[in-house]
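These notes are about the structure you will find just below.
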Amino acid sequence: MKKFKRFSVVLMITALFSTSFTSCIDNEVSPLVEAIYSAQADLMAAQTAVQNAEANLLTAQAAAQQAQADYTAAQTAQVEAMTAGIIADDAYDAAVREQALRVLAAQTDLDVATAQNNLAIAQAEFDIQMADLMAQIQAAGVELAATYATQYGAAMTAANNTLSQKLTAEATLATAQLMQTGGVSWTYFVAQLEATVFTNQANITALQNAIADMEAYMQDPSTPEAQLTMWEDRVAELDALLAAKDAEMTAKMNEIDALADLQTSRNEIVTRYEDALTNLEDAQADKQGFLDDIAIAQGDIQMWQDAIDSYAADLAALQTAVDNAQTAADNAQTAYDNALTAWNTADAALTTANTDLTDLNNALALLDASYQAAIADLANEQALYDAGIAGANATLVAAQNALTAGQAAVVAAQADYDAKLAVFVADPTGFVWEAGVNGALGLHADATTLTASYYVVNATNNGVDALTLTAGTGIDQTASYGTYAAFLADAQAGALATGDYYDVGTDDVAGGTNADRLDAAVVALTAAQDAIQPLQDAVDTAQLTVDTFGDALAAALVVFNEQKDLYDNQVALVAAAEAAQATAVADEAAAASDLSTATSDLSTANSDLTTANNALAALDTPTTLQGWIDAANADIADWQATIAVIQPLIDAYQDVVDGLQAEYDAYIASEGYITSNDADIEAQLIAAWNEWYALDAEYTALENEQALADNMVSVYTDWNTENLADLATTLSGLQAQLATAMANLEASQAALAAGQVDEAAAQAYIAYYQALVDALDAQYANEMALAAEYYALMQAALAS
């Protein structure tokens, strides 16, 4: 419901806030709700500060208007000084008045800037408090109130933005209304330009006359006394003219003062009547606004009651619509997912088909050269393989044999090391003999002395006896057997007689101590082990060579087979690739069409679901509706109470208007009054001022002519001895002054024309900004009314 109240903005906001607070009072208010109330109070203070910023600007505008009035008084004082002919003596006072005007103008600018700054600060504070209120409302979970609070904040921000624009426009208007240029008013500035033109014209005329007179004097040099008398008479004549002109200017100033007094008295009558009439009309409009609000609220109450009655049916229908829309959306999503998967598959297949066809065509374009190159490469690789594979295998076999021998050496060295280690462990200080050429060790008398030792065949022919130091009774078989092993074999076989023996001692070799032998075994075993890795590396290298020897041949064969297949089947391959591409294109187009349809269906289904959910969410509950009804009834009661308060104001205002009506009508009938702006007197004042400035210019011209006449009198009086050369010099000086005066006239005329154009532009500028201020004022009032509506809705939502 719109509530276009026409009281002042500050009173409207204050009343709105206070009404909302009282409607929400409860004896048991939660801390969260109290926090909302606190935030609302802070918001009210911040918004009041925004409104007070405009009041500060109005004060600044009043200061600007006072500055204009003070300046007008300063001009009047300056004119009076000019009229009295004491400008030279009163120059200091005139400068003081001009400086006072500049101070007033500067103070006006400062006041305007201060008001605008206060508005910016108030706006920032309002934004902070609005954010705090929103936080409290959201914490309370009152979603409808949060919605209206957001709308209210946006409306207030728009209103305050408009207010800021209005303040800026009013500040510009206040400055422009001073009608200043360079510290003086446009009226005075243009009058001074006109006076300069008149002065220059009079100066030119006087100089031209002086030149003519000088030329006449030079033609008749015998009558200087006559010329002197003529100038003296002219001085006296100009004195009389100046006195008469001063009297005219005084009379004109008296006329201006009378018009100003008349304007003041007429404005008092009209202002009293129009202020009373405006108050009456505003109060009547306020009453009608509340009556309109009551009518709208009553219609809303009926609408909300109808919604309560149909709530159950509406809720069931909306829930059914949501369920149906959800099912449709789920089905559409499934169809979309399937269509998207199909399209991705078809698109990938099309990309593959395009790539395959492009690659095939590129290969076919180079087929002759690439096929011949593959043939030559295969033949070359086969020849290299045939020539080198046997050598690679032989190198591998040799490396393997060397590795086997090395491994055997390690085994032997390990066995030797194990044996010598066991011997050393058993006897760390012992001495060891090594078998000689017969391969067996003899029994020596001590550890280091070589002695003869014998192996003797025992009686049972199953071996030999232990070594003895003396020969047995049998035959010495040493010469018959080259090795002890051969002797032992025959002895075990029974081929020898008991007692036969074999000399094994004298060919033994001293092996050294057990420690020395173990050290040598360690060195030998380490060397054998170290030799294994290079041998293994050689085998691995040779094996790799054999394993990869045919890779180049295999690669060449693959390339040859590919080129042969292309060459033998190129037509069929192209046809197959093109057919695959055509199929992929058709499949992709069909999938894209299906995907487009599915996308559209999904969008429609989701939109329908959103619409259904929004409709369900927007369905007001009976509790909410009843709260609105209760709030509206409370508003109606408040408005009816307000109307009861306004009616006595209307009656009082009507009495004032009725009391002033007769005086106002009589004044209009007798004075021919047109508007409250006193346009008729204003026009007379402007005309009178223009006439005064014209008289002032004429007065200045007479003064200049008098100065010239005085100068000529002085010239004639001071001449003692003259000749034509002296007179020619004087004439030349006058002619130079004439040229300068003519140039000054042209410059002053151009300055006057420019000044008049600029003055008209300044007047148009003021009119434009006055219209802008009026438009912004109306816009601001509308936006504040809308903000008040949203605020009331927010309050009603919080109350529910």
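Any value given below was found using the heavy atoms of this structure, including those in side chains, with hydrogens, waters and symmetry copies removed. This structure is a prediction, so every number in the text was calculated from the model and none was measured.
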- Query: Can Val457 and Phe487 be said to form a side chain to side chain contact (heavy atoms under 4.5 Å, CB included), step by step?
  - Reply: CA-CA 10 Å; Val457 178; Phe487 167 79; 3.7 Å; yes

Using the side chain to side chain contact (heavy atoms under 4.5 Å, CB included) rule, take Leu396 and Thr545 through it: C-alpha gap first, then chi angles, then the decisive distance, then the call. CA-CA 9 Å; Leu396 175 60; Thr545 299; over 6 Å; no

Set out, in order, the CA-CA distance, both residues' side-chain angles and the distance that settles side chain to side chain contact (heavy atoms under 4.5 Å, CB included) for Met784 and Met156, then state yes or no. CA-CA 7 Å; Met784 284 301 301; Met156 284 307 306; 3.7 Å; yes

- Message: Is there a side chain to side chain contact (heavy atoms under 4.5 Å, CB included) between Tyr371 and Leu566? Walk through the geometry before answering.
- Response: CA-CA 9 Å; Tyr371 191 20; Leu566 285 174; over 6 Å; no

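Under the 3.5 Å distance criterion, the side-chain polar atoms of Thr395 are matched with a main-chain donor or acceptor of Gly391. A donor-acceptor contact shorter than 3.5 Å links the side chain of Asn514 to the backbone of Asp427. Although no hydrogens or angles enter the test, the distance criterion places no donor-acceptor pair under 3.5 Å between the side chain of Ser593 and the main chain of Ala589. Thr162 places no side-chain N or O within donor-acceptor distance of the main-chain N or O of Gln779, the cut-off being under 3.5 Å. Between the side chain of Asn614 and the backbone N or O of Thr610, at least one donor-acceptor pair lies under 3.5 Å. The main-chain N or O of Leu544 is found under 3.5 Å from a side-chain atom of Thr548 such that the two form a donor-acceptor pair. Between the side chain of Ser600 and the main chain of Ser596, no donor-acceptor pair closer than 3.5 Å is present. Counting only distance, with no hydrogens or angles, the side chain of Asp377 and the backbone of Ala373 share no donor-acceptor pair below 3.5 Å. In this structure, Asn393 contributes its side chain and Ile389 its backbone to a donor-acceptor pair below 3.5 Å.
Only one option out of Leu553, Asp551, Asn380 pairs with Tyr385 in a side chain to side chain contact (heavy atoms under 4.5 Å, CB included); it is Leu553. Of the options Asp508, Asp507, Val509, a side chain to side chain contact (heavy atoms under 4.5 Å, CB included) to Leu450 is made by Asp508 and by none of the others. The side-chain hydrogen bond (donor to acceptor under 3.5 Å, both in side chains) test with Gln581 singles out one residue from Thr355, Thr358, Thr352, Asn354, and that residue is Asn354.
When only modelled atom types and interatomic distance are considered, Thr621 and Thr624 share a side-chain donor-acceptor pair under 3.5 Å. Gln477 and Ser480 share a donor-acceptor pair across their side chains, judged by distance under 3.5 Å alone. Side-chain contact check for Asp516 and Thr513: at least one donor-acceptor pair (N or O, by modelled atom type) lies under 3.5 Å.
Remark: Leu318 CG to Leu616 CG distance equals 6.0 Å, nearest 0.5 Å. Taken from CG in Asn338 to CG in Asp594, the straight-line distance is 10.5 Å, to the nearest 0.5 Å. Rounding to the nearest 0.5 Å places CG of Asp314 at 12.0 Å from CD1 of Ile308. Taken to the nearest 0.5 Å, the CD atom of Gln536 stands 10.0 Å off from the CD atom of Gln543. The structure places CG of Asn561 at 8.0 Å from CG of Leu378, a figure rounded to the nearest 0.5 Å. Here the straight-line distance linking atom OH of Tyr311 with atom CG of Leu619 works out to 5.0 Å at 0.5 Å rounding.
Using a 4.5 Å heavy-atom threshold, the side chains of Asp601 and Tyr336 count as separate. Looking at heavy atoms from C-beta onward, Leu525 lies out of side-chain contact with Asp416 at the 4.5 angstrom threshold. Looking at heavy atoms from C-beta onward, Asp587 lies out of side-chain contact with Leu350 at the 4.5 angstrom threshold. Taking the side chain as every heavy atom from C-beta outward, Leu573 and Asp565 approach each other to under 4.5 Å.
Within 6.0 Å of the CZ atom in Phe560, the count of heavy atoms belonging to other residues, nucleotides or ligands exceeds 12.
Closest of all the heavy-atom pairs between Gly511 and Arg517 is O-CG, 3.4 Å. Nearest heavy-atom pair, Ala577 versus Leu360, reported as atom, atom and distance to 0.1 Å: CB-CD2, 3.9 Å. Here the closest heavy-atom approach between residue Ala413 and residue Ala528 is recorded as CB-CB, 4.2 Å. Smallest separation of non-hydrogen atoms from Phe431 and Ala510: CZ-CB, 3.6 Å. Shortest non-hydrogen contact noted between Glu381 and Ala556 is CG-CB, 3.9 Å. Across all their heavy atoms, Glu588 and Trp343 have their closest contact at OE2-NE1, 2.9 Å.
Tyr502 has its ring centre no less than 6.0 Å from the ring centre of Tyr481.
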